[in-house]
2 protein chains.
Amino acid sequence: MNRILVVDDDPALLRALRINLTARGYTVDLARDGTTALAAATKHPPDLMIVDLGLPDMDGVDVIGGVRGWLQVPVIVLSARHLEPAKVAALDAGADDYVTKPFGMDELLARIRAALRRAAPSAVAETPVTVTEAFTVDLGARRVIRDGADVRLTPTEWHLLEVLVRHPGRLVSQRQLLQEVWGPRYESETNYLRVYVAQLRAKLEPDPSTPRYLITEPGMGYRFEP
Amino acid sequence: MNRILVVDDDPALLRALRINLTARGYTVDLARDGTTALAAATKHPPDLMIVDLGLPDMDGVDVIGGVRGWLQVPVIVLSARHLEPAKVAALDAGADDYVTKPFGMDELLARIRAALRRAAPSAVAETPVTVTEAFTVDLGARRVIRDGADVRLTPTEWHLLEVLVRHPGRLVSQRQLLQEVWGPRYESETNYLRVYVAQLRAKLEPDPSTPRYLITEPGMGYRFEP
DNA sequence: CGCCTGCGTCAAGGATGCGTCAAGATCAGC
DNA sequence: GCTGATCTTGACGCATCCTTGACGCAGGCG
């Protein structure tokens with residue numbers, strides 16, 4: 001669902017947060033110091049960050065400064081410092097929220113939900129629309145339009161199309177398609193791909209027997225050609 | 001600069017906030033209860049709201065619900081309730097931050113700056129009223145008009161309709177609907193959606209058996225089609 | 001030339017999700 | 001404490017979707 005990067009030097013706290021957050025369906029990245037945190041944020045940009053102020057190698061405020069500017073990610077500061085100047089400094093440095101230890105897990109989860117909720121519209125505001133001569137795919141609104149009318153896609157059809165459209169012009173391997181749409185255990189069920197690609201072609205291609213947009217790369221995978 | 005609406009029943013606190021906020025260059029509106037607060041928000045849409053939970057005429061959570069949906073304004077809750085359930089409820093109801101009394105003025109000001117900072121780009125004043133050929137939804141006034149007469153909606157029906165209308169033309173997943181209307185713990189109760197969408201259709205659609213405005217996307221969610 | 005692998009097509013079963021209805025539980029107002 | 005409205009919960013029929021298998025066809029290779 002959503003990726004959360006937790007930065008703290010207390011292993012017990014890291015563990016507690018990892019368990020609680022993964023149980024709620026979040027993907028969790030952990031970092032023990034600022035350097036690894038910044039590296040992790042570069043590699044897998046998170047949707048939200050939880051940052052402790054007291055880190056071994058740098059101050060948490062500098063971590064915030066390190067991502068602010070190039071990453072529009074909400075930051076929740078988690079700190080043992082109760083004093084007001086620390087809070088003001090962290091908030092003015094770019095933090096979105098400040099929670100003092102010890103904290104209630106339910107409250108933190110609620111604040112995470114609030115932060116993600118208000119960040120959602122900005123992330124979706126840039127509606128990624130893919131236009132071809134035959135049809136239009138609106139990933140944000142989750143709809144496909146052809147000849148001015150909506151095309152009804154089943155959830156699986158939509159999911160498959162989504163993966164292909166997200167990599168325009170590039171080859172997507174059967175393994176990757178099966179894994180993203182059906183899950184890791186279906187990597188060998190290439191049958192599914194044949195059936196559902198055929199259904200997508202029937203609904204989208206002008207001439208389904210000679211595909212123009214959903215191209216087969218024999219033995220390798222499929223490609224969406226815009 | 002920025003307009004802030006403060007809702008609290010304590011005259012001393014209102015005065016203190018008015019002085020401090022105007023000194024920082026904010027324009028300040030004051031309200032002593034929920035009714036006047038909602039009226040003030042309709043007349044002069046604020047850029048930020050500070051809401052106390054204990055109001056004489058209604059709960060602060062209801063004030064948040066009254067503006068959420070038609071006004072994208074950050075809300076900071078200011079409350080004497082320290083208990084976690086109250087915080088979670090307020091945050092899930094749409095609040096962006098929760099500060100407990102007694103509070104430090106500098107911290108509150110910093111939280112105000114943080115809330116305004118992230119809200120700045122999306123200062124989109126969306127149209128509070130949506131018109132279709134069959135009915136009219138007024139998000140600001142919380143009214144639905146059909147054939148010139150008011151349609152009676154229950155609170156839950158209204159809440160559901162509100163979420164759908166706020167994303168016109170876009171698919172809203174069942175997860176998102178359940179989370180916003182019933183709360184994070186009801187994400188799997190798809191029964192509720194079926195029941196309440198049916199009730200909305202019965203009250204709004206010209207032909208409830210063949211929906212025109214409240215469209216089902218099987219397996220994915222629902223869509224409001226203006 | 002024949003075999004084999006991989007792809008496209010089709011159809012049928014079983015499973016799932018949706019709409020509908022109604023009754024019990026809960027809440028609010030008097 | 002009662003009454004009506006509202007919310008929750010369960011059951012049922014029906015449509016749709018997913019899965020699975022079989023078949024034909026084309027291209028590569030021995």
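By convention in this document, chain letters (A, B, ...) are assigned in the order of the sequence lines, proteins followed by strands, and residues within each chain are numbered from 1.
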#### Entry: Output field: ring centroids B:Trp182/B:Tyr196 closer than 6.0 Å
yes

### side chain to side chain contact (heavy atoms under 4.5 Å, CB included) evaluation trace for B:Thr100 with B:Lys87
CA-CA 9 Å; B:Thr100 52; B:Lys87 299 185 184 181; 3.9 Å; yes

#### Entry: Sidechain-backbone polar pair: B:Glu187 side chain, B:Gln179 backbone, donor-acceptor under 3.5 Å
no

### Message
Can you tell whether the side chains of B:Asp8 and B:Lys101 come within less than 4.0 Å, N to carboxylate O?
### Response
yes

### Query
Do B:Arg201 and B:Thr216 have a side chain donor and acceptor closer than 3.5 Å?
yes

#### Entry: Donor-acceptor pair, side chain of B:Glu84 and main chain of A:Asp106, under 3.5 angstrom
yes

## Note on the structure
d(A:Glu225 CD, A:Arg212 CZ) to nearest 0.5 Å is 7.5 Å

### Task
Answer yes or no: is there a donor N or O on one side and an acceptor on the other, between the side chain of B:Asn20 and the main chain of B:Ala16, under 3.5 Å?
yes

### Query
Are the charged groups of B:Glu180 and B:Arg166 less than 4.0 angstrom apart, N to O?
yes

#### Entry: 5' priority, DNA chain D, between B:Glu157 and A:Arg152 [closest heavy atom]
B:Glu157

### Task
Would you mind reading off the distance between B:Glu189 atom CD and C:dC18 atom P, rounded to a whole angstrom?
14 Å

### Query
Does B:Asp96 reach the main-chain N or O of B:Ile76 with its side chain, forming a donor-acceptor pair under 3.5 Å?
no

### Task
Rounded to 10°, tell me the angle between the two end axes of the helix from C:dG14-D:dC17 to C:dC30-D:dG1, each built from five pairs.
30°

### Pair B:Asp59 + B:Arg81: basic N to acidic O under 4.0 Å
yes

### Query
With a 4.0 Å cut-off, would you call B:Asp97 and B:Arg111 a salt bridge?
yes

### Query
Does B:Asp47 come within less than 4.0 Å of B:Arg3, counting only side-chain N to carboxylate O?
no

### Task
Check for a donor-acceptor pair, side chain of B:Asp57 on one end and backbone N or O of B:Gly34 on the other, with a separation under 3.5 Å.
yes

### Task
Mind listing the residues from residues 169-186 of chain A sitting with a heavy atom below 4.0 Å of DNA chain D? Number order is fine.
A:Trp182

### Summary
Whichever of B:Leu153 and A:Gln199 has the more 5' nearest nucleotide on DNA chain D, that residue is B:Leu153

### Contact interval (first through last nucleotide) of DNA chain D with protein chain B, 4.0 Å heavy-atom
D:dT6 to D:dT9

What are the atom names and distances for every N/O pair under 3.5 Å that joins the protein to nucleotides 25-30 of chain C?
none

### Partner set under side-chain contact (heavy atoms from CB on, under 4.5 Å) for B:Pro155, not counting sequence neighbours
none

Contacts under 3.5 Å, N or O only, protein and nucleotides 19-21 of chain C:
| residue | atom | partner | partner atom | Å |
| --- | --- | --- | --- | --- |
| C:dG19 | OP1 | B:Arg201 | NH1 | 2.9 |
| C:dG19 | OP1 | B:Thr216 | OG1 | 2.6 |
| C:dG19 | OP2 | B:Tyr222 | OH | 2.8 |
| C:dG19 | N7 | B:Arg194 | NE | 3.0 |

